[in-house]
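Every heavy atom of this structure was used, including side-chain atoms; hydrogens, water molecules and symmetry mates were not.
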Amino acid sequence: MHHSQINADIRKLIAEGTVMPAHPLALTPERQFDKTHQRALTRYYIDAGSGGLAVGVHTTQFAIRDVGLYRPVLELAAETAASWTKRPLAMVAGLAGPTSQATTEARTARDIGYHAGLLSLAAMKSASEDEIIAHCTAVAAEIPLIGFYLQPAVGGIILSSRFWQRFASIDNVIAIKIAPFNRYRTLDVLRGVAAAGALDRVALYTGNDDHILLDLMLPFDLRANGVTTRTYFKGGLLGHWSVWTASAIKQFERCKAARHQDSVPADLLALDARVTDCNSAFFDVANNFHGCIAGCHEVLRRQGLMKGLWCLDPDEGLSPGQREEIDRVTREHADLSDDSFVAANLNKWLA
């Protein structure tokens, strides 16, 4: 599938930028697929106002592939979304593994009705950049691609600006999620896309949880041969946005409105630090992100959107002190939560 075949409204939505939560996986105490709460999560993200959903990605747990849940999880999200809303909704499937696996997953996602694939390169750690580009090109032949610069702490690999120039030159690439949690590497991606002449075709999405709001509101000036090109992040595709999503969408709209202005309100700039503080607890920064998935589960559990914080891996859970940190940010940044929104709609979503 070529990106020209994507529904025009959805292609425009992705290109102009939107909020895409990374969809968690709801499990029972026996670590079986909890379809009731999984559907509730999908409905929550849609009613909160999300423009898309990323399913089968890191937040959904890569281990779904090992227990035969990849297709069922993607199918349930697509079916729930189609029955819950008629507005345009970009459906993005996580793609992982070596080329044979990633292309098979791309075909699966395409056949279910997904519009694009978010391509993890974690399985390519020992490959050269030439080999990784060949891998990406093969997967792009199956489905429009969203690149993924994942931070090394959770399996990502360091890639050069030249790599991102070559990646952005692949015709079926429509966006890149930039999530190295590193300013220098973030700029490498922006410089690469600009050098490819692809800024008009490849939408920049932040995954930098340490500076979500700053990425979304500030201009980036790129210099080459004495010429300045100004660009912006268009949207976000974030595990952080799997929680407190209704509030995150309001923040996104404020950031979007602040773009292209001569000045940005100081209160909005300061809000970036508060969001980062919340993320430090949810994503377990103190323990090198070990509890990042369980941390999001814990927030959703407290709201009733999940029964528990179980992960497929029994050894994956909250780190020592993480629950107390979540208590702290929930208390200190209570106005950033969407507890009342969830409480008013939870029964409907669980029905």
Side-chain angles (χ1 to χ4, degrees), residues 21-27 29 31 41 54 56-67 94 96 118 120-123 125 148-159 177-186 206-215 236-245 247-248 271-303 305-334 336-337:
H23 204 307
L25 177 70
L27 296 175
R31 302 183 196 277
L41 286 169
V57 295
H58 176 248
T59 303
T60 325
Q61 302 176 53
F62 288 135
I64 58 173
R65 294 155 174 84
D66 302 328
V67 294
L118 179 71
S120 168
L121 299 176
K125 285 185 178 180
F148 189 7
Y149 199 0
L150 179 65
Q151 60 150 329
V154 288
I157 53 180
I158 297 172
L159 296 161
K177 172 182 173 173
I178 304 172
F181 293 21
N182 182 298
R183 295 287 94 185
Y184 304 110
R185 293 172 191 160
T186 294
T206 185
N208 285 322
D209 291 3
D210 56 344
H211 277 304
I212 297 170
L213 300 193
L214 286 183
D215 272 359
L237 196 165
L238 294 141
H240 179 88
W241 280 351
S242 70
V243 303
W244 295 359
T245 311
S247 295
L271 183 58
D272 177 77
R274 296 181 61 205
V275 172
T276 303
D277 189 27
C278 293
N279 182 266
S280 72
F282 302 160
F283 268 59
D284 194 27
V285 174
N287 295 284
N288 204 30
F289 306 95
H290 175 78
C292 61
I293 293 175
C296 293
H297 289 188
E298 173 63 9
V299 178
L300 295 167
R301 182 197 66 79
R302 295 181 185 199
Q303 293 181 314
L305 282 160
M306 298 182 82
K307 279 187 177 179
L309 47 83
W310 309 290
C311 296
L312 289 169
D313 181 354
D315 295 328
E316 191 169 352
L318 294 178
S319 295
Q322 188 180 2
R323 179 173 281 107
E324 290 74 18
E325 273 296 283
I326 294 174
D327 289 341
R328 178 186 66 80
V329 299
T330 300
R331 179 178 63 253
E332 294 179 356
H333 305 292
L336 301 185
S337 80

Taking only residues two or more places apart in sequence or in another chain, which ones pass side-chain hydrogen bond (donor to acceptor under 3.5 Å, both in side chains) with Thr60? none

Identify, with sequence neighbours excluded, every residue that meets side chain to side chain contact (heavy atoms under 4.5 Å, CB included) alongside Ala122. Ser120

When rounded to the nearest 0.5 angstrom, what is the spacing between CZ in Arg31 and CG in Leu25? 11.5 Å

Considering residues at least two apart in sequence or located in another chain, which fulfil the salt bridge (charged side-chain N to carboxylate O under 4.0 Å, His left out) criterion with Asp327? Arg302

Would you check if the side chain of Glu298 reaches a backbone N or O of Ile326 as a donor-acceptor pair within less than 3.5 Å? no

Before giving the answer on side-chain contact (heavy atoms from CB on, under 4.5 Å), spell out for Asp277 and Glu332 the whole-Å C-alpha distance, their side-chain angles and the decisive distance to 0.1 Å. CA-CA 10 Å; Asp277 189 27; Glu332 294 179 356; 4.2 Å; yes

With sequence neighbours left out, what residues match Leu150 under side chain to side chain contact (heavy atoms under 4.5 Å, CB included)? Phe148, Val154

Is a donor from one side chain sitting under 3.5 angstrom from an acceptor on the other, for Asp209 and His240? no

Applying salt bridge (charged side-chain N to carboxylate O under 4.0 Å, His left out), can you list everything that pairs with Arg185, at least two apart in sequence or on another chain? none

Sequence-distant partners of Asp210, side-chain hydrogen bond (donor to acceptor under 3.5 Å, both in side chains), two or more places apart: none

Which residues share a salt bridge (charged side-chain N to carboxylate O under 4.0 Å, His left out) with Glu325, sequence neighbours left out: Arg328

Could you tell me which residues satisfy side-chain hydrogen bond (donor to acceptor under 3.5 Å, both in side chains) with Asp313, sequence neighbours excluded, listed by chain and number? none

Can you name the nearest heavy-atom pair linking Ala179 to Gly207, along with the distance? CB-O, 3.4 Å

Tell me, with the steps shown, if Phe283 and Phe181 meet ring-ring contact (aromatic ring centres under 6.0 Å, His included). CA-CA 12 Å; Phe283 268 59; Phe181 293 21; 7.2 Å; no

Indicate yes or no for a side-chain donor-acceptor contact from Ser280 to the backbone of Val285 under 3.5 Å, with no hydrogens or angles considered. no

side-chain hydrogen bond (donor to acceptor under 3.5 Å, both in side chains) partners of His290, counting only residues at least two apart: none

Test your reading of the model: is there a side-chain donor-acceptor pair from Thr59 to the backbone of His23, 3.5 Å cut-off? no

Distance col, row Leu238:CG vs Lys177:NZ, nearest 0.5 angstrom, shows 6.0 Å

Which residues pass the salt bridge (charged side-chain N to carboxylate O under 4.0 Å, His left out) test with Asp284, not counting sequence neighbours? none

Check side chain to side chain contact (heavy atoms under 4.5 Å, CB included) between Lys125 and all other residues, then give those that pass, not counting sequence neighbours. Ile157

Taking ring-ring contact (aromatic ring centres under 6.0 Å, His included) as the definition, give me every residue that meets it alongside Trp244, ordered by chain and number, with sequence neighbours left out. Phe282

Say whether, by atom type as modelled, one donor and one acceptor occur between the side chain of Glu316 and the main chain of Gly291 under 3.5 angstrom. no

Distance, nearest 0.5 Å, that separates SG of Cys296 from CG of Asn279: 8.0 Å

How close do Leu309 and Arg323 get, heavy atom to heavy atom, and via which atoms? CD2-NH2, 3.9 Å

Carefully, step by step, assess Asp66 and Leu312 under the rule side-chain contact (heavy atoms from CB on, under 4.5 Å). CA-CA 10 Å; Asp66 302 328; Leu312 289 169; over 6 Å; no

Out of curiosity, Met306 CE to Ser242 OG, how far, rounded to the nearest 0.5 Å? 9.0 Å

Can you tell me how far the CG atom of Leu214 sits from the CG atom of Asp272, to the nearest 0.5 Å? 3.5 Å

From CA spacing to verdict: side-chain contact (heavy atoms from CB on, under 4.5 Å), His297, Leu318: CA-CA 9 Å; His297 289 188; Leu318 294 178; over 6 Å; no

